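In what follows, a structure is listed as structure tokens, so that the remarks can point back to it.
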2 protein chains.
Amino acid sequence: MSKVLVFGHKNPDTDAITSAISFAYLQNQLGFEVEAVALGEVGEETQYALDHFKVDAPRVIETAANETAKVMLVDHNEFQQSVADIADVEVLSVVDHHRISNFETANPLYYRAETVGCTNTIIAKLFKEKEVAIPKEIAGLMVSAIIADTLLFKSPTCTDEDIKIAKELAAIAEVDIDSYGLEMLKAGTDLSNKSAAELLDMDAKSFPMADKNVRIAQINVLDVDDVLSIQSELEQAMLDENHSNNYNLFVLVVTNILDSDSVILALGDPINAVEEAFNITLENNRALLKGVVSRKKQIVPQLTAALTK
Amino acid sequence: MSKVLVFGHKNPDTDAITSAISFAYLQNQLGFEVEAVALGEVGEETQYALDHFKVDAPRVIETAANETAKVMLVDHNEFQQSVADIADVEVLSVVDHHRISNFETANPLYYRAETVGCTNTIIAKLFKEKEVAIPKEIAGLMVSAIIADTLLFKSPTCTDEDIKIAKELAAIAEVDIDSYGLEMLKAGTDLSNKSAAELLDMDAKSFPMADKNVRIAQINVLDVDDVLSIQSELEQAMLDENHSNNYNLFVLVVTNILDSDSVILALGDPINAVEEAFNITLENNRALLKGVVSRKKQIVPQLTAALTK
């Protein structure tokens, strides 16, 4: 059997990259030949964590079937967020914390999803269940992912289990969660030298919702004006993306990681579904979403419901 | 919050019925108000186990949304095998050991699938992880399900984990696996007084495969002639079902539980996909499948592949 590949979603964030690394390490320790790869280049937040713990970024693949027949997915399941030829390989396992949609297999598989804030929280539990020790640098990457996904425990997706496991991992990794975490999050907010198109692509995912195709990008910032100062360029880039990728709606969520509010900027059709989903009125295509920081919990279900009516 | 309902698939077999009972018991012990219900009447094999351990059959429901907003699924995930109004309720969790198909949620959920022979094997692991003791009668129902799903450990779906956990459960339940198991399996092979239509409906599931709708029924017997002696009545009933339910193909698998072979009887279109899937030539609409006893592992993937070409 050729080597099994494990990877997180396209436009990988810190959890997508590091959960592939930590899950591959676990599988290797259990005796399986598994390699962590990525479906895109790492962002600056992730690079900060990789540099801190002296781990190389996984190599980037475009397709999987040319080198393996079997894959493992982490931090995603929806095929449109996965490798381009996902339908041509067998999915052996999934570890994830998102909704399940546009996913199917012909064979039984291992699937582990829990409603926690971070895939690496689940992987840490798997290490315990399999009684495999977590090395310092892997623990460091795993706690980085929990910090990133929960915005230092402030996201509504964060559970007691995330916090407990993050503290255990931080002890192994020998980092102070607050000071290390804030520096890592800040590294991810460095938007200098990024074009509007690049900003939209940093952390973007596609979602089929009823009969619509919705693109949702999220950008974490220390000051929303860092992004919204180029609103007109962003809007043009969003319209371009809608056109070239057949997105019905493009929703940009600009999240202030310090005060845990977001500004939403939305273009497309039906735009009234966006207003209905969040009980807002868009002015100049945008609105404030108080206390909203989580795409999976505070954006996707609401928009799915509004579009399903 | 109203009571959460937990149930296995339509045309429930022993695992579908008892995994709802065991999972509901676990949830109750963890402090959640959950009720086990069923999507059909229990069969004779299941009734034998319920009688032996003096447990009542769960009440049968036709729809869920009229009494709850939230459900938990066991031993299935595909919507066409679930309650009629599954799309109108939120799926909080799934514990299963089948392929994933025609399943989606708007929200993150708990999903636990493993490639073991029986859902109750996974549920037994959950009892351990949550450190909840299994009472004698629940352990008895759980080991009954493992015996049924693995045909006394002879199915290729059976894993070392199923055997190990079955032995632990049998010790709690104070039964001898071999003697109790054979009596229970024999109870399920009592086909007297069943019409052709009733035989086809005892353990039948529907599967979307590519653009086809496939119905696969399985009947366990001690002698295949017990069923095949009424082949012409069965064929008429299969054609009637194909017509009234828009099935493209109806596949009946008659499994001899003593020698672990099956006879397949198939009608519909494209019938050559059935021949291709199992590398057989149908004669008089039937063929012998040596060593085939598992629908999920030895029928569904092969037929899916043949229909997907």
Side-chain angles (χ1 to χ4, degrees), chain A residues 73 75-79 87-88 90-119 122 125-126 128-129 149 156-157 159 161 207-210 214 277 294-309, chain B residues 73 75-79 87-88 90-119 122 125-126 128-129 149 156-157 159 161 207-210 214 277 294-309:
Chain A
L73 308 186
D75 198 35
H76 76 296
N77 66 83
E78 304 192 34
F79 280 6
D88 300 331
E90 181 179 357
V91 179
L92 293 182
S93 70
V94 178
V95 182
D96 192 19
H97 64 137
H98 296 87
R99 76 170 193 180
I100 297 177
S101 188
N102 191 24
F103 176 82
E104 63 173 14
T105 65
N107 287 289
L109 74 162
Y110 180 89
Y111 201 112
R112 181 80 168 246
E114 300 189 19
T115 54
V116 293
C118 181
T119 300
I122 307 168
K125 293 172 72 174
L126 297 179
K128 289 184 190 187
E129 290 170 18
D149 265 17
T157 60
T159 66
E161 214 163 16
F207 298 89
M209 294 182 182
V214 181
S294 167
R295 175 169 44 198
K296 92 162 66 58
K297 200 158 178 169
Q298 297 173 298
I299 304 282
V300 171
Q302 291 76 4
L303 208 44
T304 302
L307 285 166
T308 305
K309 276 175 185 170
Chain B
L73 309 187
D75 198 36
H76 76 296
N77 66 83
E78 305 191 33
F79 280 6
D88 300 330
E90 181 179 358
V91 179
L92 292 182
S93 69
V94 178
V95 182
D96 191 20
H97 64 137
H98 296 87
R99 75 170 193 179
I100 297 177
S101 188
N102 190 25
F103 176 81
E104 63 173 13
T105 65
N107 286 289
L109 74 161
Y110 180 89
Y111 202 113
R112 180 80 169 248
E114 301 189 19
T115 54
V116 292
C118 181
T119 301
I122 307 168
K125 293 171 72 173
L126 297 178
K128 289 185 189 186
E129 290 169 18
D149 266 16
T157 60
T159 66
E161 214 163 15
F207 298 88
M209 295 182 181
V214 181
S294 167
R295 176 169 44 199
K296 91 162 67 58
K297 199 158 179 169
Q298 297 174 298
I299 304 282
V300 172
Q302 291 76 3
L303 208 44
T304 303
L307 285 166
T308 305
K309 276 175 186 171

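Since the model is a prediction, treat every value here as computed from it, not as a measurement. Atom set for the values below is all heavy atoms of this structure, side chains included, hydrogens, waters and symmetry mates excluded. Proteins come first, then strands; the chains are lettered A, B, ... in the order of their sequence lines, and each starts at number 1.
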- request: For each of B:Val116, B:Thr157, B:Thr308, B:Ile100, tally heavy-atom pairs with chain A at distances under 4.5 Å, and name the one with the top tally.
  value: B:Ile100
Interface moiety of B:Thr115 toward chain A, non-hydrogen atoms closer than 4.5 Å: both
- prompt: Centroid-to-centroid, B:Phe103 to B:Tyr111, below 6.0 Å?
  reply: yes
message: Between B:Glu78 and chain A, with a heavy-atom cut-off of 4.5 Å, which part of the residue counts as in contact: side chain, backbone, both or neither?
response: neither
field: Side-chain heavy atoms of B:Phe207 within contact of B:His98, under 4.5 Å
entry: no
message: Taking side chain as everything from C-beta outward and backbone as N, CA, C, O, which of these in A:Glu129 sits under 4.5 Å from a heavy atom of chain B? Side chain, backbone, both or neither.
response: side chain
field: Salt bridge flag under 4.0 Å for residues B:Glu161 and B:Lys125
entry: yes
statement: One option among B:Leu303, B:Thr304, B:Val94, B:Leu109 has the most heavy-atom pairs under 4.5 Å with chain A, and it is B:Leu109
- prompt: With chain B, which of A:Lys297, A:His97, A:Glu104, A:Lys296 has the greatest number of heavy-atom pairs at distances under 4.5 Å?
  reply: A:Glu104
field: Check against side chain to side chain contact (heavy atoms under 4.5 Å, CB included), B:Thr105 and B:Glu90
entry: CA-CA 7 Å; B:Thr105 65; B:Glu90 181 179 358; over 6 Å; no
- prompt: Rounded to the nearest 0.5 Å, how far apart are OG of B:Ser101 and CG of B:Asn77?
  reply: 7.5 Å
query: Looking at A:Ala305, A:Pro301, A:Ser93, which one has more heavy-atom pairs under 4.5 Å with chain B than the rest?
result: A:Pro301
task: Would you indicate whether the side-chain heavy atoms of B:Val300 and B:Met209 approach each other to under 4.5 Å?
output: yes
